[in-house]
**Q** 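Can you keep this structure in mind? I'll have questions shortly.
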Amino acid sequence: MVKTSTLRQRKYRAKLKLALFALIGAECKLCGSKTNLSVDHLGSRTWSSREVWSDQRTKFYIEEAKLGLVQCLCTYCNSMKGKPEDDNF
């Protein structure tokens, strides 16, 4: 049986994710995919994702989304974006 606190945490995380994707859209800005979505920073970020828990990281993403500093990309487009030799990105 799953602990009540664990269920609350899952619901809270799901609520944070919904809020984030409501701000940045729930489809890839490049290809339109609605699966395997990730958050892409439009510039350099001022914090390290390794230093914060996932809930806090999502809160940072929400604040950055309000400032227009992040966008929604699928994991494929996000990985391809970093390759300058590909003219499509």
Side-chain angles (χ1 to χ4, degrees):
M1 179 157 179
V2 180
K3 292 182 180 180
T4 305
S5 61
T6 303
L7 291 174
R8 272 186 284 194
Q9 288 172 340
R10 287 181 187 169
K11 287 180 181 180
Y12 179 69
R13 284 187 189 118
K15 186 177 177 181
L16 281 177
K17 263 189 160 175
L18 286 174
L20 174 61
F21 284 113
L23 288 170
I24 64 174
E27 69 179 43
C28 178
K29 297 288 187 219
L30 297 177
C31 74
S33 174
K34 295 183 180 187
T35 59
N36 299 320
L37 300 177
S38 65
V39 178
D40 173 58
H41 290 86
L42 296 172
S44 61
R45 60 181 172 210
T46 59
W47 53 275
S48 172
S49 62
R50 293 184 196 130
E51 296 173 358
V52 294
W53 293 94
S54 84
D55 294 349
Q56 189 63 39
R57 184 171 44 241
T58 304
K59 288 178 185 178
F60 283 140
Y61 288 148
I62 289 171
E63 292 306 312
E64 291 176 332
K66 290 176 183 177
L67 298 172
L69 301 175
V70 295
Q71 65 181 347
C72 182
L73 294 181
C74 69
T75 52
Y76 176 76
C77 288
N78 200 356
S79 67
M80 295 304 292
K81 182 180 167 214
K83 298 182 179 181
E85 67 273 3
D86 190 344
D87 293 332
N88 295 325
F89 296 89

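Residues: numbered from 1 along the sequence shown.
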**Q** To the nearest 0.5 Å, how far apart are SG in Cys72 and CG in Leu23?
**A** 11.5 Å
**Q** Within this structure, what is the NZ-CG distance for the pair Lys81 and Leu30, rounded to the nearest 0.5 Å?
**A** 8.0 Å
**Q** In Å and rounded to the nearest 0.5 Å, what is the OG1 to CZ distance from Thr58 to Phe21?
**A** 9.0 Å
**Q** Where do Leu73 and Asn78 come nearest, in terms of heavy atoms and distance?
**A** CD1-CA, 3.9 Å
**Q** Hey, could you give me each pair passing side-chain hydrogen bond (donor to acceptor under 3.5 Å, both in side chains) that has a residue in residues 16-34? Not counting sequence neighbours.
**A** Ser33-Thr35
**Q** If I compare all heavy atoms of Ile62 with all of Leu16, which pair ends up nearest, and what's the gap?
**A** CD1-O, 3.7 Å
**Q** Check Val70 against Glu64 and note the closest heavy-atom contact, atom names and distance.
**A** CG1-OE1, 3.6 Å
**Q** Atom CG of Leu20 and atom NZ of Lys66: how far apart are they, to the nearest 0.5 Å?
**A** 11.0 Å
**Q** Rounded to the nearest 0.5 Å, how far does CG of Asp40 lie from CD1 of Ile24?
**A** 9.0 Å
**Q** How long is the straight-line distance from CG of Leu69 back to NE2 of His41, given to the nearest 0.5 Å?
**A** 8.0 Å
